[in-house]
Amino acid sequence: MMKSLIKIVAIAVVLVTVSCKKDTAPNYQFMPNMYESVGYETYSESSAFKNGVEAQLPAEGSIARGFVPFDIENSTEGFVLAKETLKSPLDSTMVDLERGKALYDIYCGICHGAKGDGQGNLVKREKILGIPSYDDAGRAINEGSIYHTIYYGKNAMGSYANQLKEEERWQVVSYVLELKANLEK
């Protein structure tokens with residue numbers, strides 16, 4: 001008798017629980033302010049902040065997500081330091097010359113040429129002059145000097161730090177070194 005009563009009560013609890021559950025309505029929330037925060041309009045006035053405006057500047061020293069600061073300065077000394085010390089973080093398995101070529105063609109080839117010989121379309125059309133070849137002995141480029149130049153620019157060339165992520169810059173560096181090796185053959 002007792003076993004039958006326990007079975008009946010258990011079945012009744014299951015039925016009540018299942019029959020009361022609605023998939024169309026949310027379950028009960030304890031402390032709903034933890035789940036549904038107050039929405040603030042970006043430039044509206046509010047007493048939540050000292051200056052009375054919702055839009056706040058980032059905290060001093062903040063670094064954007066995914067951004068890695070480049071510690072070498074934009075100067076001649078910085079260029080020399082990069083040339084002497086800066087090495088690619090990409091090992092041979094991470095280098096993707098096809099991707100490097102695609103990025104090079106987009107950002108560099110128009111001036112430096114498809115072969116790195118300084119004969120891009122803008123040079124051929126005489127829009128800009130004086131683009132040296134990558135195998136120019138006087139330049140003696142290496143991965144550090146290429147990266148520094150991509151990051152800060154040099155002479156008439158502007159910076160590409162905003163167009164290329166860090167890993168993409170290193171892919172372009174690898175491809176430029178490949179072009180240099182091909183020119184020196």
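- Applying the side chain to side chain donor-acceptor pair (under 3.5 Å) criterion to Asn51, with sequence neighbours excluded, gives Gln56.
- Within the structure, ring pair (Phe, Tyr, Trp, His ring centres under 6.0 Å) pairs that include any residue of residues 109-134 comprise His112-Tyr134 (at least two apart or interchain).
- In this structure Glu143 satisfies the salt bridge (Lys or Arg N to Asp or Glu O under 4.0 Å) test with no other residue, sequence neighbours excluded.
- Shown here are the side chain to side chain donor-acceptor pair (under 3.5 Å) partners of Lys83, two or more places apart in sequence or in another chain: there are none.
- Thr85 places a side-chain N or O within 3.5 Å of a backbone atom of Leu81 that can act as its donor or acceptor partner.
- Without hydrogens or angle criteria, Ser75 side chain to Gly78 main chain gives a donor-acceptor distance under 3.5 Å.
- Residues passing the side chain to side chain contact (heavy atoms under 4.5 Å, CB included) test with Glu178 are Leu97, Asn182, sequence neighbours excluded.
- Judged as a salt bridge (Lys or Arg N to Asp or Glu O under 4.0 Å), and not counting sequence neighbours, Glu73 has no contacts.
- For residues 104-129, the salt bridge (Lys or Arg N to Asp or Glu O under 4.0 Å) pairs, not counting sequence neighbours, are Lys101-Asp105.
- Looking at residues two or more places apart in sequence or on another chain, you find no salt bridge (Lys or Arg N to Asp or Glu O under 4.0 Å) involving Arg139.
- With hydrogens and angles disregarded, a donor-acceptor distance shorter than 3.5 Å links the side chain of Gln171 to the backbone of Met94.
- The hydrophobic cluster containing Ile128 also includes Ile110, Leu122, Val123, Ile131, under a criterion of side-chain heavy atoms closer than 4.5 Å among ILVMFWY residues, counted directly or through chains of members.
- Glu84 pairs by the side chain to side chain donor-acceptor pair (under 3.5 Å) definition with nothing, not counting sequence neighbours.
- With sequence neighbours left out, the side chain to side chain donor-acceptor pair (under 3.5 Å) criterion links Ser174 to no other residue.
- The two residues Thr149 and Lys154 come nearest to each other via the heavy atoms CG2-CB, 3.8 Å.
- Sorted by first and then second residue, the ring pair (Phe, Tyr, Trp, His ring centres under 6.0 Å) pairs involving residues 70-97 (not counting sequence neighbours) are Phe70-Tyr147, Phe70-Tyr151, Phe70-Tyr152, Phe79-His148.
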